[in-house]
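Take a look at the structure set out below.
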Amino acid sequence: MPEEFKIITNLFDVDNLQDINIYKSYDGYQALEKALQMSPDEVIETVQESGLAGRGGAWFSAGMKWSFMPKDAPVPSYLCVNADESEPGTFKDRQLLENNPHQLLEGAIIASYAIRAKAAYIYIRGEMWEELEMMEQCISQARDAGLVGKNILGSGFDLEVYTHPGAGAYICGEETGLMQSLEGKRAEPRVKPPFHAQKGIFDCPTTVNNVQTLSYVPHIINQGADWFKGIGSERYPGTFIFCLSGNVKKPGLFELEIGKATMRELIYDYAGGLYEGRELKAVIPGGASTAPMTPDQIDIVMDPSNFLLPGRGEFKGMFGTGGIIVMDDTVCMVDALLNLMNFFAHESCGQCTPCREGCPWTRDIVWRIEHGQGTAEDLDTLMEVADNVAGFLSPRYSTICLFGPAFSYPIQGFVETFRSEFEAHIEQGCCPIHQDKSIKVLG
Ligand SMILES: Cc1cc2nc3c(=O)[nH]c(=O)nc-3n(C[C@H](O)[C@H](O)[C@H](O)COP(=O)(O)O)c2cc1C
């Protein structure tokens, strides 16, 4: 089993790391000093060279995204830090905010310098108010230390950093929904183009990056692009924080080199395996919107390039956000899908008809099947509605944002993989699985 490789979680055990002096005693803000001696373009080149890809789920090159920002726009440019983390099963950004907030802040200031932003907004999920308060204290400490505000460290670079509480919806994490919400509107995603490097918040050039993505930036500036490129896989360098939850003995976070551990090692070695006498039934690899994998598929090496999405790899599935949810043989797959569909039906912003109508429609069908009221036609209707919203793992979708694919992929994945279990519910007129929903306490 490969060792954990800690870059951004390395200091998680240090007490009071939210105190800027303690963060500085671990070389904190040295990368910012170094970056300010480089030109903004050199910072972008370094990050692009390092191969850092966005960790918010889409895995797009961070440096390339920054390079899309205009160099001499007549209006201000902005950075938005996406700390809305609401994907079920995903809890890495929250831990990064709690355990090393200055690392994120330093990454955000460096990114802002690179894209020539005048202000950075840290948009933090509304439920995470303790993290928001802590981040405000960090910003204030950084301002006192001359790291935020006018003429940062005498470089001539000015930057304001603000926190903003999330509006309490999953869609606020979708980058254009986030920008709408920041502007005080309903978080209804925007049609692209225009892309937000041209027209983002307040109609000005904007970059949106995930918490984990930005947390790597100080390390890349300090240790260089080649150092980062030498870690992880060729196409997706670096590490990744995997979040394991569900029916495992030791749920938690594990930072590992990309492309080293298999899903089996994650489940059985890092997360302690399943409870005695239980067998693995399915595993959701990367958050609620990724289709489930079966036990015969878990020897796959966890590298986005092995997955059809985003890497065009051979495995017909999605890598996603690292939110791995393990399900043992006591779990009913219809009930598990119903649980996800309750979430999606609640969270659809309602702007696009396929999503507004499709979410509750498909949720109701799954509810009927789970409660023994399903009919023979239901499965075909379910798959047809899901396919009309988005072709399974295909670029064809009928909604403005990726919420449509996010709820239709799990439907298609669950039914394709566990069709016989759905049919058994319909044929027997009840749920045939004796589920164990008790809360497990480790002995
Ligand atoms: C419905 C939906 C919810 C999303 N929620 C989040 C989120 O909570 N945090 C996040 O970083 N990205 C989220 N994303 C992805 C963002 O739209 C965007 O790709 C990401 O913030 C870009 O950052 P990155 O390039 O650093 O990964 C979501 C996407 C969708 C479609």
Side-chain angles (χ1 to χ4, degrees), residues 8 47-48 51-69 79-94 96-97 104 107-108 111 114-115 121-128 131 166-182 187-190 192 195-197 200 206-217 220 236 238 240-241 243 286-290 304 309-310 318-323 340 343-344 346-352 355 359 389-390 397 399-410:
I8 50 176
V47 172
Q48 198 160 350
L52 176 66
R55 302 299 203 249
W59 293 86
F60 188 77
S61 157
M64 193 181 293
K65 190 188 268 192
W66 297 1
S67 75
F68 296 152
M69 292 289 279
L79 174 75
C80 293
V81 180
N82 193 341
D84 195 55
E85 192 171 59
S86 318
E87 184 75 28
T90 310
F91 42 90
K92 61 188 177 59
D93 297 342
R94 179 177 204 151
L96 287 164
L97 278 166
L104 168 64
I115 63 170
Y121 293 94
I122 308 183
Y123 187 98
I124 303 180
R125 180 179 169 159
E127 289 88 342
M128 307 202 294
E131 290 79 356
Y170 174 59
I171 201 62
C172 295
E174 194 282 337
E175 52 195 2
T176 62
L178 183 153
M179 290 189 290
Q180 290 281 103
S181 172
L182 256 175
E188 290 176 336
R190 299 177 182 173
K192 290 184 262 185
F195 293 101
H196 33 280
T206 304
T207 288
V208 183
N209 272 130
N210 166 261
V211 166
Q212 190 183 354
T213 313
L214 292 168
S215 295
Y216 286 109
V217 171
I220 292 171
Y236 293 101
F240 190 55
I241 302 179
C243 316
S289 37
T290 57
L309 292 178
M318 286 168 77
F319 188 85
T321 59
L340 296 178
F343 169 76
F344 286 119
H346 183 262
E347 295 298 330
S348 168
C349 81
Q351 188 180 197
C352 312
C355 188
C359 274
V389 177
Y397 59 98
T399 49
I400 288 174
C401 84
L402 293 173
F403 190 103
F407 88 84
S408 83
Y409 289 174

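For this chain, numbers begin at 1 and follow the sequence in order. Every number for a ligand or one of its atoms is a count from 1 in the order of the listing.
- Considering only non-hydrogen protein atoms, atom 27 (O) of ligand 1 sits nearest to Gly56 N, 2.7 Å.
- The closest protein non-hydrogen atom to atom 22 (C) of ligand 1 is Lys65 NZ, 3.4 Å.
- With hydrogens and angles ignored, the 3.5 Å screen pairs no side-chain donor or acceptor of Glu175 with any backbone N or O of Asn82.
- For the pair Arg125 and ligand 1, no heavy-atom separation below 4.0 Å is found.
- The nearest heavy-atom contact from the protein to atom 23 (O) of ligand 1 is Asn210 N, 3.2 Å.
- A 4.5 Å side-chain heavy-atom check between Val208 and Tyr123 finds every atom pair outside the cut-off.
- Counting heavy atoms from C-beta on, the side chains of Ser348 and Phe407 never come closer than 4.5 Å.
- In this structure the side chain of Glu174 never reaches within 4.5 angstrom of the side chain of Phe403, judged on heavy atoms.
- Evaluated for a side-chain contact (heavy atoms from CB on, under 4.5 Å) with Ile8, the options Lys92, Gln212, Arg55 yield exactly one hit, Gln212.
- The shell of residues lying under 4.0 angstrom from ligand 1, judged by heavy atoms, includes Ser86.
- Ranked by closest heavy atom to atom 8 (O) of ligand 1, the top entry among Glu85, Met64, Glu174 is Glu85.
- In the candidate list Asn82, Leu52, Asp84, Asn82 is nearest to atom 21 (O) of ligand 1, counting heavy atoms.
- Proximity of Thr213 to ligand 1, defined as any heavy-atom pair under 4.0 Å, is confined to the side chain (atoms from C-beta onward).
- Close approach to Asn209 involves these atoms of ligand 1, each under 4.0 Å from a residue heavy atom: 23 (O), 24 (P), 25 (O), 26 (O).
- Nearest to atom 28 (C) of ligand 1 among the protein's heavy atoms is Gly173 O, 3.5 Å.
- If you check which protein heavy atom lies closest to atom 19 (O) of ligand 1, you get Glu175 OE1, 3.8 Å.
- Tyr170 CE2, 3.6 Å is the protein heavy atom nearest to atom 1 (C) of ligand 1.
- Outside the 6.0 Å centre-distance limit, the rings of Tyr236 and Phe319 are not counted as a close aromatic pair.
- Close contacts between ligand 1 and Gly54 involve ligand atoms 24 (P), 25 (O), 26 (O), 27 (O) [criterion: under 4.0 Å to a heavy atom].
- In this structure, Pro405 and Thr399 have side chains that are in contact, with non-hydrogen atoms separated by less than 4.5 Å.
- Under the side-chain contact (heavy atoms from CB on, under 4.5 Å) rule, Lys65 has a single partner from Thr207, Thr213, Ile115, which is Thr207.
- Screening Glu85, Arg125, Glu87 for a side-chain hydrogen bond (donor to acceptor under 3.5 Å, both in side chains) involving Tyr170 leaves a single residue, Glu87.
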